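Every heavy atom of this structure was used, including side-chain atoms; hydrogens, water molecules and symmetry mates were not. Counting starts at 1 for both ligands and their atoms, in listed order. Along the sequence shown, residues carry numbers from 1. Only a predicted model underlies this, so the values are computations on that prediction, with no experimental measurement involved.
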Amino acid sequence: MFVVVGVSGGIAAYKTVQLVRALVTNGHEVHVIPTDDALRFVGTATWEAVSRHPVTTSVHDDVAEVRHVALGTQADLVIVAPATANTLARMAAGIADNLLGVTLLATTAPVLVAPAMHTAMWEHAATRDNLTTLRARGVHVIGPADGPLTGGDSGPGRMSEPDEILAAALALLPAGDATAHRTDLEGMTVAVSTGGTREPIDPVRFLGNRSSGRQGAAVALAAAERGAHVRLVAAHVDEGVLAEALRHPRVEVERVSTAAELDAAMRDAAAGSDVVVMVAAVADFRVAEVSTEKIRKEDGDGSLTLPLVQNPDVLAGLVAARRPGQVIVGFAAETAADDDELRNRGRRKLARKGADLLAANRVGAGLGFEADDNAVILLAADGTEATASGTKRAVADALWDAVASLRARRRG
Ligand code: CTP
């Protein structure tokens, strides 16, 4: 495959040398486009040596071959690593005054960015907005990881490791590469829920949660790419998060809002499915009586009490209605001190819910929600377990591997 690696000016550029080498070793044709700033960290000679191709930063080289457009149009994949705050801002704005900017505008290939910057820059509203814009356009983002940064500080902003970027990149290459060629779910129908339900309080307010729907969207897309027909029930998931799933011909998306709507949609979808995966964060409680009028401060006495009633447990309902042979998978986001506590809580929840498989992940400061990466322990009711970490797509593929091996154990 033809892979373009854009490199912007950050110290993490030295790690990109390893990424380029790994891509070449994997048999890909790699063209590196550094920005001028990137060359202060790693020079042209190194990029040419590892990629085995000439390297230029200028739009004005090889004008006769229209090189500035050619690299973008030939690419099967474009990776930008490291992607600095400046480069992300320029991408969001569509600025094209260097070869990398032009290439990014000329390409229709998947784009994967690996941000790297100081935590303060990563958390700045401008960077957050730029990321939202890029994600909405379908750009894939890996990292940044949490850890030591240049200058002695520590926090989110470290570029993901080359092997993680490589795994995410291979997952994006068209069929024939990496995991995309697997067709082990062909002929199966699967139902997946994702996102977070909202329970209305009054016409303008609701009780909600922080689930972005990314993990469930990845689970649905992975299943479709492995051959399954997918019914995806999405509660409040951004269009950008669902973009790829919406484009896939084997994914049917139904949007819901409340736990009751999600319950009904999943019962319907599960009735015709071989596998059911409940990734959605379902509100455990709803407001007993939804106010038809906006609740006003002036009508109260300085406090407000909202009686709540418990929602149905969707997963438990699906387990109770399970078809013979159907595999039911739950997710559990837990605040746990370590893996042992996570495993114990997960095992108890798996038993309580009666599911076949439970993906338990730790949530809390910087973990889980809204992040691009995830780490789960996959606990099966027959006592086996597996761990998976990396991009949400990598976790999704590991989940389908666990489902496939559970089905094989049952048959065997
Ligand atoms: N779930 C569900 N219906 C609910 C709550 C949760 O179907 N009303 C599903 C989730 O989609 C997930 C699994 O159950 O697959 C575990 O969700 P979690 O919130 O961790 O479980 P709870 O039963 O709500 O347990 P806890 O008391 O720990 O919140």
Can you give me the closest heavy-atom contact between [X] and [Y], atom names plus distance?
{"X": "A245", "Y": "L232", "value": "CB-CD2, 4.3 Å"}
{"X": "P312", "Y": "D263", "value": "CG-OD2, 3.9 Å"}
{"X": "G195", "Y": "S211", "value": "O-OG, 3.2 Å"}

Going by heavy-atom distance to [atom], choose the closest among [options].
{"atom": "atom 23 (O) of ligand 1", "options": "R352, Q310, K353, R286", "value": "K353"}
{"atom": "atom 5 (C) of ligand 1", "options": "D313, V314, D284", "value": "D284"}
{"atom": "atom 10 (C) of ligand 1", "options": "A280, A359, A281", "value": "A280"}

Exercise. Counting heavy atoms only, which part of P312 comes closer than 4.0 Å to ligand 1: side chain, backbone, both or neither?
Worked result: backbone
Exercise. Can you tell which part of L315 has a heavy atom less than 4.0 Å from ligand 1: side chain, backbone, both or neither?
Worked result: both
Contact (N/O only, under 3.5 Å) between [X] and ligand 1:
{"X": "A332", "answer": "no"}
{"X": "E334", "answer": "no"}
{"X": "M278", "answer": "yes"}

Exercise. How about atom 19 (O) of ligand 1: does it have a protein heavy atom within less than 4.0 Å?
Worked result: no
Problem set entry | Test item: side-chain donor near acceptor, S51 and H31, under 3.5 Å | no
Exercise. Is the closest side-chain donor-acceptor distance between S8 and R90 under 3.5 Å?
Worked result: no
For this session: Walk me through it: do M188 and R407 pass the test side-chain contact (heavy atoms from CB on, under 4.5 Å)?
Result: CA-CA 12 Å; M188 286 172 56; R407 283 166 57 92; 3.7 Å; yes
Exercise. More than 12 heavy atoms of other residues, nucleotides or ligands under 6.0 Å from CZ of R21: is that the case?
Worked result: no
Exercise. Any idea which atoms of ligand 1 are less than 4.0 Å away from a heavy-atom of V282?
Worked result: 2 (C), 3 (N), 4 (C), 5 (C), 8 (N)
Problem set entry | For G330, atoms of ligand 1 separated by under 4.0 Å from a heavy atom | 15 (O)
For this session: Considering only non-hydrogen protein atoms, determine which one is nearest to atom 13 (C) of ligand 1 and report residue, atom name and distance to 0.1 Å.
Result: F331 O, 3.1 Å
Exercise. For atom 26 (P) of ligand 1, which protein heavy atom lies nearest, and how many Å away is it?
Worked result: K349 NZ, 3.6 Å
Exercise. side-chain contact (heavy atoms from CB on, under 4.5 Å) between L166 and L23: does it pass, once the steps are laid out?
Worked result: CA-CA 7 Å; L166 180 70; L23 285 163; 3.6 Å; yes
Seminar exercise, completed: The side chain to side chain contact (heavy atoms under 4.5 Å, CB included) partner of V219 among V190, V192, V230 is V192
